[in-house]
Amino acid sequence: MAGGSASAIRGTRIGSGPMGEQDHGHHAERIDVTYWDAYGNSIVRSYAADVPADEIPEIVDHPKSGLPAGRDKDNPPAPVKLEPYKTHLAYVKERRSDEEGAELLEDALKKLRDKRGQ
């Protein structure tokens, strides 16, 4: 016999009960929080109802735009400004004043001239 009773249960889990049965397990109470990004895109995040309000984040990253999203639709958080890559010279200038740099340069040139015999 082709098909038989095996085809009747294809695609169902053994012991799953009647199709559409919704009372499996316990569903925790939740609260939905809506966040908006600078483009007006919204995202809804669900949190357990017993979570304290101060533990629910004020800002989340929007999964589609990548921008930060906040709870206030009229005043969404501004996108984070990325700082450009700093060169080695920029880091040195943060640590040294112009006078210190000139003094170090003069010392290095003096050593170089002494080495060359000038």
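Not measured: the values here are computed from a predicted model.
Annotation: salt bridge (Lys or Arg N to Asp or Glu O under 4.0 Å) contacts involving residues 59-84, sequence neighbours excluded, comprise E58-R71. The salt bridge (Lys or Arg N to Asp or Glu O under 4.0 Å) analysis of residues 102-112, with sequence neighbours excluded, yields the pairs E106-R113, K110-D114.
When every heavy atom of P77 is checked against every heavy atom of A69, the shortest pair comes out as CG-C, 3.8 Å. Residues P68 and A78 share a closest heavy-atom pair of CG-O, 3.6 Å.
The side-chain heavy atoms of I56 and I31, taken from C-beta on, include a pair separated by under 4.5 Å.
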Which atom pairs, donor and acceptor, lie under 3.5 Å between side-chain atoms of residues 33-45 and protein residues at least two apart or in another chain?
residue : atom : partner : partner atom : Å
Y35     : OH   : Y47     : OH           : 3.2
Y35     : OH   : P57     : O            : 2.7
D37     : OD1  : Y39     : N            : 3.0
D37     : OD1  : G40     : N            : 3.1
D37     : OD1  : N41     : N            : 2.8
D37     : OD2  : N41     : ND2          : 3.2
D37     : OD2  : S65     : OG           : 2.6

Indicate every side-chain donor-acceptor pair of residues 91-99 with a distance under 3.5 Å to a residue at least two apart or in another chain.
residue : atom : partner : partner atom : Å
E94     : OE2  : K86     : NZ           : 2.4
S97     : OG   : E99     : OE1          : 3.3
S97     : OG   : E100    : N            : 3.2

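Atom CD of E55 has more than 12 heavy atoms from other residues, nucleotides or ligands within 6.0 Å.
Looking at residues two or more places apart in sequence or on another chain, you find a side-chain contact (heavy atoms from CB on, under 4.5 Å) between A48 and D50, V51.
Taking Ile, Leu, Val, Met, Phe, Trp and Tyr as members and joining any whose side-chain heavy atoms lie under 4.5 Å apart, directly or through other members, the hydrophobic cluster of L109 also contains L105.
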